Visitor: 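Have a look at the structure that comes next, please.
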Amino acid sequence: MHPLPAEFYARPVVDVARELLGCTIVHGRAAGMIVETEAYHEGEPACHAFVGLTERTRPLFGPPGRAYVYRSYGIHALLNAVCEPEGVGAAVLIRALEPIEGIEEMRSRRGVADECELCSGPGKLTQALGVELEHNDSDLGTGPVRFLARARRWEPGAVTAGPRVGITRAAELPWRFALAGNGHVSRPRPLGWRPAGRAAPARSRG
DNA sequence: CATGGGATTGACT
DNA sequence: GTCAATCCCATGC
């Protein structure tokens, strides 16, 4: 596996969000496969870049292939990959990973044992990987936090899409993407998500 | 300089 | 289901 080149990110952010599924994030000895993402673009009000170029949003408008890390609710660091050509404010939020390596390190950082609780959320995965605000604006190809390419394309139907989580504006856009049936996807599960090994989700009320 | 609002999580009812 | 924790930054005076 090789680091994703800048050209990979210099495309429509929704395409990048979909294609980041299955890629690997490495920080130190900890690594995980991306199983859930969300796209954000300056043209819609849920994106931080919607307000224009400020000190906070500067990385979003910078060159593609770098990290945008910010603090959420005063507690969590959230990791994004900056996309689209320089000058366009857009990024993909990494929402969940399937742990691959350094799982004991992740357990230690998270303070929980259950493997499905290590990286099943945007705040959880940064804590598990040890990603912090100091990684803001670092290069995802050559810096301490690296995004590695996946080997091949997904089968049709492997990816589900749905509305983004936790936003109040532009909530109708189906810009959340996840690997269908993967147990490391965060809550709430996207529409159409199906648990692995089951024919269909239980629908009856009682 | 003061204020208000989050791209969340975990604990509790 | 509800709610508090707690930091950064954009905005307005």
Side-chain angles (χ1 to χ4, degrees), chain A residues 9 12-18 20-21 25 32 34-62 64 66-84 88-99 106-138 140 145 147 160-178 183-191 193 205-206:
Chain A
Y9 303 93
V13 66
V14 171
D15 293 345
V16 179
R18 217 167 6 228
L20 274 175
L21 296 175
I25 301 180
I34 300 172
V35 299
E36 182 186 350
T37 61
E38 282 178 0
Y40 288 87
H41 188 276
E42 63 177 34
E44 44 90 12
C47 182
H48 290 174
F50 185 71
V51 299
L53 181 61
T54 67
E55 186 54 34
R56 179 198 204 192
T57 62
R58 185 176 47 78
L60 285 171
F61 290 92
R66 301 179 75 86
Y68 170 56
V69 184
Y70 72 98
R71 189 159 308 287
S72 173
Y73 291 95
I75 302 171
H76 308 100
L78 268 51
L79 171 65
N80 299 253
V82 174
C83 295
E84 309 242 356
V88 178
V92 173
L93 170 68
I94 309 302
R95 284 196 59 88
L97 305 177
E98 178 178 322
M106 292 185 182
R107 286 198 173 109
S108 170
R109 288 197 180 111
R110 290 274 298 122
V112 297
D114 183 356
E115 206 166 310
C116 288
E117 281 300 314
L118 295 179
C119 299
S120 56
K124 297 178 184 179
L125 70 91
T126 54
Q127 185 183 26
L129 287 176
V131 170
E132 252 301 337
L133 295 195
E134 66 189 82
H135 298 112
N136 188 34
D137 209 25
S138 67
L140 296 174
V145 180
F147 281 36
T160 62
R164 295 174 292 181
V165 179
I167 56 171
T168 56
R169 299 178 294 177
E172 73 283 359
L173 295 175
W175 284 6
R176 180 192 187 198
F177 303 97
H184 300 271
V185 172
S186 74
R187 309 292 182 83
R189 262 62 199 260
L191 204 61
W193 186 91
R205 200 177 58 84

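The model shown is predicted, which means the values in this text are computed figures rather than measured ones. Below, read A as the first sequence line, B as the second, and so on, with proteins coming before strands; counting in each chain starts at 1.
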Visitor: Between A:R109 and A:Q127, do the side chains contain an N or O donor and an N or O acceptor separated by less than 3.5 Å?
Guide: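 Result is no, nothing qualifies.
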Visitor: Roughly, in whole Å, what's the span from CD1 in A:I167 to C1' in B:dA7?
Guide: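 In whole Å, B:dA7 C1' lies 7 Å from A:I167 CD1.
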Visitor: What's the verdict on side chain to side chain contact (heavy atoms under 4.5 Å, CB included) for A:L129 and A:V145, showing C-alpha distance, side-chain angles and the deciding distance?
Guide: CA-CA 9 Å; A:L129 287 176; A:V145 180; 5.7 Å; no
Visitor: Please give, in whole Å, the distance from B:dG6 P to A:R164 CZ?
Guide: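 Atom-to-atom, A:R164 to B:dG6, this comes out as 14 Å.
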Visitor: Mark up nucleotides 3-13 of chain C, 5' to 3', with B wherever a protein heavy atom is under 4.0 angstrom from a base atom, S wherever such an atom reaches only the sugar-phosphate, and - elsewhere.
Guide: --BBBSSS---
Visitor: Rounded off to whole Å, could you give me the CZ-to-P distance for the A:F50 and B:dA7 pair?
Guide: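 For the pair A:F50 CZ and B:dA7 P, the rounded distance is 13 Å.
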Visitor: So which atom in A:E36 and which in A:S186 form the shortest heavy-atom distance, rounded to 0.1 Å?
Guide: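 Shortest heavy-atom separation between A:E36 and A:S186 comes out as OE1-N, 2.7 Å.
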Visitor: Could you check A:R18, A:R95, A:R164 and say which one makes a salt bridge (Lys or Arg N to Asp or Glu O under 4.0 Å) with A:E38?
Guide: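 Option passing the salt bridge (Lys or Arg N to Asp or Glu O under 4.0 Å) with A:E38: A:R95.
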Visitor: What's the NZ-P distance between A:K124 and B:dA7, to the nearest Å?
Guide: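 After rounding, the reported distance stands at 18 Å.
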Visitor: Using 4.0 Å as the upper bound for N to carboxylate O, is an ion pair formed by A:E117 and A:R107?
Guide: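 The answer is no: the pair does not qualify as a salt bridge.
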Visitor: How far apart are the closest heavy atoms of A:L133 and A:A77, and which atoms are they?
Guide: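 Taking every non-hydrogen atom into account, CD2-CB, 4.2 Å.
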Visitor: Please confirm whether the backbone N or O of A:P59 pairs with a side-chain atom of A:D137, one donor and one acceptor, at under 3.5 Å?
Guide: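 No, A:D137 side chain to A:P59 backbone: no donor-acceptor pair under 3.5 Å.
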Visitor: If I take atom CZ in residue A:R176 and atom P in nucleotide B:dA7, what distance separates them, rounded to the nearest angstrom?
Guide: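 Computing the A:R176:CZ to B:dA7:P distance gives 15 Å.
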Visitor: If you look at every strand shown and take non-hydrogen atoms under 4.0 Å, does A:L93 touch a base, only sugar-phosphate, or nothing?
Guide: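 Base contact.
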Visitor: Round to the nearest Å and state the distance from A:E38 atom CD to B:dT8 atom P.
Guide: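 Rounded to the whole Å, the gap is 7 Å.
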Visitor: Could you check whether any side-chain N or O of A:E84 sits under 3.5 Å from a backbone N or O of A:V13, counting only pairs where one atom can act as donor and the other as acceptor?
Guide: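 It does hold such a pair.
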Visitor: Kindly express the pairing pattern of DNA chain C in dot-bracket notation, using | wherever a base pairs with another strand and counting only Watson-Crick or G-U pairs under 3.5 Å.
Guide: |||||.||||||.
Visitor: Mind listing the residues from residues 106-114 of chain A sitting with a heavy atom below 4.0 Å of DNA chain B? Number order is fine.
Guide: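 DNA chain B contact set from residues 106-114 of chain A: A:R110.
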Visitor: Within less than 4.0 Å of OP1 or OP2 of B:dA7, is there a side-chain N or O belonging to A:R169?
Guide: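 For A:R169, the contact criterion (side-chain N or O under 4.0 Å from OP1 or OP2 of B:dA7) is not met.
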Visitor: May I have the distance from A:L79 (atom CG) to B:dT8 (atom P), rounded to whole angstrom?
Guide: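 Checked: the CG to P distance equals 14 Å.
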Visitor: If only atom types and distance count, is the side chain of A:T57 paired as donor or acceptor with the main-chain N or O of A:L60 below 3.5 Å?
Guide: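 Checked: no pair found.
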Visitor: Have a look at A:Y68 and tell me which of A:R58, A:H48, A:H135 forms a side-chain hydrogen bond (donor to acceptor under 3.5 Å, both in side chains) with it.
Guide: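 So, applying the side-chain hydrogen bond (donor to acceptor under 3.5 Å, both in side chains) to A:Y68 and each of A:R58, A:H48, A:H135, only A:H48 qualifies.
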Visitor: Is a donor on one side and an acceptor on the other found under 3.5 Å between the side chain of A:E44 and the backbone of A:A46?
Guide: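 Yes; at least one donor-acceptor contact below 3.5 Å.
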